[in-house]
There are 2 protein chains.
Amino acid sequence: MSSRDRLIQVTARLIREKGMAATGINEIITAAGLPKGSMYHYFPGGKEELVKAALHSYKDWLGQSFKARMKGSTTAEQGLCGIVDFFIHDLTSSHYVAGCPVATVALESAGTAPGVTEGVREVMDHWIASLCAYLQYKGLAGNLTTATDFITQLEGALVMARIYQSTEPLERLKLKITELLQNEHTTP
Amino acid sequence: MSSRDRLIQVTARLIREKGMAATGINEIITAAGLPKGSMYHYFPGGKEELVKAALHSYKDWLGQSFKARMKGSTTAEQGLCGIVDFFIHDLTSSHYVAGCPVATVALESAGTAPGVTEGVREVMDHWIASLCAYLQYKGLAGNLTTATDFITQLEGALVMARIYQSTEPLERLKLKITELLQNEHTTP
DNA sequence: TTATAAAAATAGACCGGTCTGTCTATTTTT
DNA sequence: AAAAATAGACAGACCGGTCTATTTTTATAA
């Protein structure tokens with residue numbers, strides 16, 4: 001992996017675990033095994049640019065994972081269920097250290113760093129659009145609202161899962177998927 | 001207000017806006033107009049103890065607000081709607097700087113500071129129990145699950161609201177309250 | 001193919017500032 | 001007089017970021 005990619009990967013992991021403010025530049029370059037010069041060579045914009053690149057990498061990574069789980073399933077219900085399972089696996093295998101890759105940064109930056117929040121928004125938009133395309137592909141009259149509702153509930157479940165160190169909130173979300181899909185295309 | 005309370009209030013506001021890691025002790029004491037000696041006099045445990053005290057204050061404050069909105073409403077639907085409206089007001093009047101008081105800290109501390117996460121969990125437990133008691137008071141066969149589901153969806157909506165700087169996620173939650181209550185006590 | 005110039009990347013010392021936390025006084029209250 | 005609270009200097013570590021070399025790679029020309 002290139003030095004640039006290594007910086008992004010390390011940053012992505014650290015901000016996912018403890019957020020942006022608690023993740024230092026020195027910590028990042030030490031974990032990546034690179035000198036500070038390299039970091040500011042690839043990311044002249046400093047920490048903010050690096051964080052945005054890390055968010056961007058999540059956009060691609062999760063977007064791909066979403067598509068894979070969608071296309072590998074026969075029904076929309078199964079697809080959404082697979083996405084939830086994906087996060088269940090991530091949570092348990094990391095002992096609840098790895099939650100939603102962007103939520104922590106989103107809350108940290110909401111009032112203070114508009115540029116970072118914009119990056120978060122781009123990731124969200126991509127996830128929702130990706131999900132929406134899948135729902136339509138599966139023949140559902142799914143619109144952006146349906147996909148947005150699912151992601152919203154997923155975010156809530158991920159917050160609660162990390163607080164209580166339990167997958168129960170996500171298991172409950174899985175139970176509600178059918179109902180969520182049914183209710184959506186009956187309402188205007 | 002006592003010096004101790006002032007420290008708690010200031011800390012509560014700051015961690016709500018930008019989290020725990022980005023909020024410094026010096027910033028807190030400056031905003032509170034107190035010397036460092038006072039801070040470590042009241043909170044010998046340092047930053048963590050102060051943050052936990054701030055979380056505790058949120059427990060009381062929001063718990064009271066919840067009860068007030070519940071008792072002031074005729075139906076359970078109206079009560080829950082009032083809670084959502086409470087957050088809508090907080091978000092808009094603060095220009096989306098003030099979201100859920102504990103979510104940011106919850107995500108920041110989930111993997112790194114167990115003591116703080118425990119504080120978050122105590123707040124959540126209190127909110128859920130308070131909500132549950134209200135649902136039963138209103139004659140619903142509401143159990144902990146119903147209240148937990150509502151809070152979970154509220155958390156998700158609050159995250160999305162801050163990302164998109166919009167109250168729409170919360171407005172959509174309001175529309176789903178009736179359905180949420182109906183579905184709950186029909187399932188075992 | 002080799003010599004050389006230009007560009008890219010690596011390396012880390014260093015800067016001013018801020019971090020949490022400690023410590024000793026001094027003032028205020030009991 | 002004793003206890004509580006206020007006051008802030010100070011310490012050692014770390015912060016993000018800048019800056020100058022040095023090494024490595026790439027491109028070009030003989």
Report task. Just call it for A/Gly46: base, sugar-phosphate, or nothing, with non-hydrogen atoms closer than 4.0 Å on any strand. Result -> sugar-phosphate
Query raised in the report: Of all of residues 10-28 of chain B, which get a heavy atom below 4.0 angstrom from DNA chain C, listed by number?
Result: B/Thr23, B/Gly24, B/Ile25, B/Asn26
Taking only side-chain N and O atoms of [X], does any of them lie within less than 4.0 angstrom of OP1 or OP2 on [N]?
X: B/Tyr42; N: D/dT6; result: yes
X: B/Lys36; N: D/dG8; result: no
X: A/Ser38; N: C/dA11; result: no

Query - Parallel, tilted or perpendicular: rings of B/Phe66 and B/Phe87 (30°, 60°) - result: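 Taking B/Phe66 first and then B/Phe87, their aromatic rings stand perpendicular (interplane angle over 60°).
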**Report entry** Salt bridge present between A/Lys174 and A/Asp85 (N-O < 4.0 angstrom)
**Finding:**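 Yes, A/Lys174 and A/Asp85 are salt-bridged.
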Report task. May I ask you to decide whether A/Arg162 forms a salt bridge with A/Glu17, counting only side-chain N to carboxylate O separations under 4.0 Å? Result ->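 Salt bridge between A/Arg162 and A/Glu17, a charged N being under 4.0 Å from a carboxylate O: no.
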What is the distance, rounded to the nearest whole Å, between atom [atom1] of [X] and atom [atom2] of [N]?
X: B/Phe43; N: D/dA5; atom1: CZ; atom2: P; result: 12 Å
X: B/Met39; N: C/dC19; atom1: CE; atom2: P; result: 13 Å
X: B/Leu34; N: D/dA5; atom1: CG; atom2: C1'; result: 10 Å
X: A/Leu7; N: C/dA9; atom1: CG; atom2: C1'; result: 12 Å
X: B/Lys47; N: C/dT22; atom1: NZ; atom2: P; result: 15 Å
X: A/Tyr40; N: C/dG12; atom1: OH; atom2: P; result: 17 Å
X: B/His41; N: C/dT28; atom1: NE2; atom2: P; result: 16 Å

Query - Value rounded to 0.5 Å, distance of NZ in B/Lys138 from CE in B/Met70 - result: 10.0 Å
Query raised in the report: Roughly how far, to the nearest 0.5 Å, is the CE atom of A/Met124 from the CE atom of B/Met160?
Result: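 CE of A/Met124 is found 5.0 Å from CE of B/Met160.
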Query raised in the report: Across all strands, who's sitting opposite C/dT26 as a Watson-Crick or G-U wobble pair, both distances under 3.5 Å?
Result: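 Partner of C/dT26: D/dA5.
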Report task. Identify the nucleotide, in any strand shown, that forms a Watson-Crick or G-U wobble pair with D/dC10, with both distances under 3.5 Å; if there is none, say none. Result -> C/dG21
Report task. Would you please say whether a donor-acceptor pair under 3.5 Å links the side chains of A/Ser3 and A/Ser38? Result -> no
Query raised in the report: In this structure, which one of B/Thr145, B/Thr148, B/Asp149 forms a side-chain hydrogen bond (donor to acceptor under 3.5 Å, both in side chains) with A/Arg172?
Result: B/Asp149
